[in-house]
Amino acid sequence: MSMTALRAQAAAARSAAAGSTTMPIPRDRPESPEVRFSSQLRAKLIERDGQDWYQIEGYASAFEQGYEMWDMFGPYTEVVSHGAADETLAADPEVVFRFNHAGTPMAGTRNGRLQLWADDAGLGQRAWVNPKRADVQLLVQALEDDDVREQSFMFRITSGQWSPDYTEYRINAFDLDRGDVGPVTYGANPHTTVSARSGEFLASIPNLPPLVAREAYARLAQRDDLDLTQRAVPATAPAAPSSARTGETPRMGRSISMLRTRLLVSESDD
């Protein structure tokens, strides 16, 4: 199935699930999702308040630029609207700056060493970080070596809406309070972790070894939110192999193609 057809099928499933009530937010989306964007990061050593700091700045989000996301139904396009950050920035949110959304914060709005703003391009940030810290030194070196080039932000959606055909979700407002911004290793991929694994799984299905495919099907069959009773039938069904010698009734093999077209995996089973 082509990506265009898969997106259309996912949109139809969303519309059917929503019924007469507009779905306010993508199903199974994390409460505090992480969205990543390409962003040119710059780091330079400056003097501020009589002390040396590394100043790191860039854009943690890009407005009006669509990127692909996945929910329990399949792929869709998401867009952060221009003005989506205005309300949260006006409320003076507490936000920290750190690498890969983990580890000890390097700067924050509370201590005045993280500045946030919104303009036509997106959500901008400027952080002043301590050059004496080992983690700061490693980050700055990675930026200078061009090993880290992307940014992300962690937020909570407060207002959003689907397009009438459920192919696009637009974030009209988000809350940054107690969230974070900063560089990430793989910012070019806007997927959440679960969504990325889902897309990778679907893409790999046609080439899965038979043993792995059977195991995947068996595990999915244990889920109570999936209907695996229908099977894909080829346009021209091949002749059934003879079973006269064994006396067994031949069974139709479960189609991996059916898996790809009918099942949209929202979470991997570790």
Side-chain angles (χ1 to χ4, degrees), residues 22-41 56-72 75-127 129 148-163 168-198 266-267:
T22 302
M23 191 183 300
I25 196 168
R27 291 281 180 87
D28 75 359
R29 186 183 186 119
E31 182 178 351
S32 298
E34 166 201 0
V35 176
R36 307 178 178 192
F37 295 89
S38 298
S39 174
Q40 183 177 356
L41 290 163
I56 302 176
E57 63 180 76
Y59 281 88
S61 170
F63 296 152
E64 302 299 336
Q65 293 189 22
Y67 50 90
E68 185 178 87
M69 292 288 285
W70 286 67
D71 64 3
M72 65 181 292
Y76 63 94
T77 299
E78 187 168 273
V79 179
V80 180
S81 299
H82 183 271
D86 292 352
E87 185 175 345
T88 187
L89 292 180
D92 193 23
E94 182 176 338
V95 185
V96 297
F97 175 90
R98 54 185 175 180
F99 178 52
N100 271 341
H101 302 291
T104 305
M106 300 178 183
T109 54
R110 187 171 58 179
N111 60 21
R113 290 196 289 106
L114 176 61
Q115 179 183 12
L116 302 171
W117 71 89
D119 56 25
D120 290 342
L123 174 67
Q125 63 80 21
R126 182 178 296 114
V129 295
V148 174
R149 302 185 301 273
E150 319 296 346
Q151 282 222 108
S152 176
F153 73 123
M154 192 78 73
F155 63 100
R156 184 172 60 86
I157 297 173
T158 56
S159 177
Q161 66 183 95
W162 285 99
S163 60
E168 178 183 288
Y169 186 76
R170 181 170 285 271
I171 299 175
N172 293 322
F174 57 81
D175 185 3
L176 283 169
D177 193 45
R178 304 186 73 81
D180 63 40
V181 297
V184 289
T185 305
Y186 295 113
N189 184 352
H191 300 139
T192 61
T193 301
V194 170
S195 296
R197 288 202 300 267
S198 300
S266 61
E267 185 174 1

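- Residues S81 and E64 meet the side-chain proximity criterion, which asks for heavy atoms closer than 4.5 Å.
- What you find for G66 and V79 is that their closest heavy atoms are CA-CG2, 3.8 Å.
- Q151 is not listed as a side-chain neighbour of V181, based on a closest heavy-atom distance of 4.5 Å or more.
- Taking CD of Q115 as the start and CD of E57 as the end, the distance is 9.0 Å to the nearest 0.5 Å.
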For the pair F174 and V80, evaluate side-chain contact (heavy atoms from CB on, under 4.5 Å) and give the outcome as yes or no after the intermediate values. CA-CA 9 Å; F174 57 81; V80 180; 3.9 Å; yes
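- Rounding to the nearest 0.5 Å gives a distance of 7.5 Å between CG of D119 and NE2 of H82.
- Checked by atom type and distance alone, the side chain of N100 never pairs as donor or acceptor with a backbone atom of A102 at under 3.5 Å.
- Residues F153 and V95 are not in side-chain contact: their nearest non-hydrogen atoms beyond the backbone lie 4.5 Å or more apart.
- When all heavy atoms of F63 and A85 are compared, the closest pair comes out as CZ-CB, 4.2 Å.
- Here the shortest heavy-atom pairing between R98 and P105 reads CB-CA, 4.2 Å.
- Taking both residues in full, the closest heavy atoms of A127 and L114 are given as CB-CD1, 4.0 Å, listed atom of the first, atom of the second, then distance.
- Interatomic distance, CD of E78 versus CZ of R170, reported as 10.5 Å (0.5 Å rounding).
- Side-chain atoms of M69 and P26, non-hydrogen and from C-beta on, never get closer than 4.5 Å to each other.
- Side-chain contact check for L176 versus L89: some heavy-atom pair is nearer than 4.5 Å.
- Under the ring pair (Phe, Tyr, Trp, His ring centres under 6.0 Å) criterion, F97 pairs with no residue at all, not counting sequence neighbours.
- Separating the CG atom in N172 from the OG atom in S159 is a distance of 4.5 Å, to the nearest 0.5 Å.
- Inter-residue side-chain proximity for Q161 and E168 is flagged as unmet; no heavy-atom pair is nearer than 4.5 Å.
- Counting heavy atoms from C-beta on, the side chains of Y169 and I25 come closer than 4.5 Å.
- With rounding to the nearest 0.5 angstrom, the OG1 atom of T109 is 11.5 Å from the CG atom of D180.
- Side-chain atoms of S61 do not come within 3.5 Å of backbone N or O of L123 as any donor-acceptor pair.
- Between S152 and V184, the closest heavy-atom pair is CB-CG1, 3.6 Å.
- Not a single ring pair (Phe, Tyr, Trp, His ring centres under 6.0 Å) links F99 to another residue, sequence neighbours left out.
- Interatomic distance, I171 CD1 to I157 CD1, rounded to the nearest 0.5 Å: 4.0 Å.
- Smallest separation of non-hydrogen atoms from M106 and V129: CB-CG1, 3.6 Å.
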